[in-house]
Novice: 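Let me begin by handing over the structure; questions about it come next.
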Amino acid sequence: MNLRTKHCVSTLSTLGTVISSSMVAYALARVKFKGRQFWFTCMIMTMLQKKLKNTHIF
């Protein structure tokens, strides 16, 4: 792949992540629904998973 294609793919991927994350964050912050705390915990654990995976205890 050339540089232009890589730039396009990374830009679209970043925009998609930002937009979808914003919609999920709004729903968890404003909309009251059953299981809201469970899904919030799942989202936080997913974000922490990579950080915890790369953490060395020793």
Side-chain angles (χ1 to χ4, degrees):
M1 285 200 293
N2 63 15
L3 187 60
R4 179 180 236 168
T5 305
K6 290 179 184 180
H7 179 71
C8 182
V9 168
S10 63
T11 301
L12 291 175
S13 176
T14 302
L15 284 174
T17 301
V18 168
I19 290 169
S20 63
S21 295
S22 298
M23 290 189 291
V24 169
Y26 181 81
L28 287 174
R30 298 290 181 187
V31 180
K32 305 289 186 202
F33 57 91
K34 188 175 183 176
R36 177 178 164 212
Q37 186 65 39
F38 170 76
W39 289 113
F40 178 73
T41 303
C42 287
M43 187 178 74
I44 295 297
M45 292 306 292
T46 302
M47 291 188 312
L48 290 175
Q49 186 177 15
K50 183 173 182 176
K51 184 167 181 73
L52 293 174
K53 183 179 177 184
N54 293 332
T55 303
H56 300 289
I57 297 173
F58 306 103

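Please read these numbers as outputs of a predicted model, since none were measured by experiment. Side chains are part of it too, since the values below use all heavy atoms of this structure and drop only hydrogens, waters and symmetry mates.
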Novice: Output side-chain donor-acceptor pairs under 3.5 Å for residues 25-36, partner residues at least two apart or in another chain, one line each.
Specialist:
residue: Arg36; atom: NE; partner: Leu28; partner atom: O; Å: 2.7
residue: Arg36; atom: NH2; partner: Leu28; partner atom: O; Å: 2.8

Novice: Name the atoms and distances for all side-chain donor-acceptor pairs under 3.5 Å in residues 10-24, with sequence neighbours left out.
Specialist:
residue: Ser10; atom: OG; partner: Lys6; partner atom: O; Å: 3.1
residue: Ser10; atom: OG; partner: His7; partner atom: O; Å: 3.0
residue: Thr11; atom: OG1; partner: His7; partner atom: O; Å: 2.8
residue: Thr14; atom: OG1; partner: Ser10; partner atom: O; Å: 2.8
residue: Thr17; atom: OG1; partner: Ser13; partner atom: O; Å: 2.9
residue: Ser20; atom: OG; partner: Gly16; partner atom: O; Å: 3.0
residue: Ser20; atom: OG; partner: Thr17; partner atom: O; Å: 3.3
residue: Ser21; atom: OG; partner: Thr17; partner atom: O; Å: 2.8
residue: Ser22; atom: OG; partner: Val18; partner atom: O; Å: 2.7

Novice: Measure the OG1-CH2 distance between Thr46 and Trp39 for me, rounded to the nearest 0.5 Å.
Specialist: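 Result: 9.5 Å between the selected atoms.
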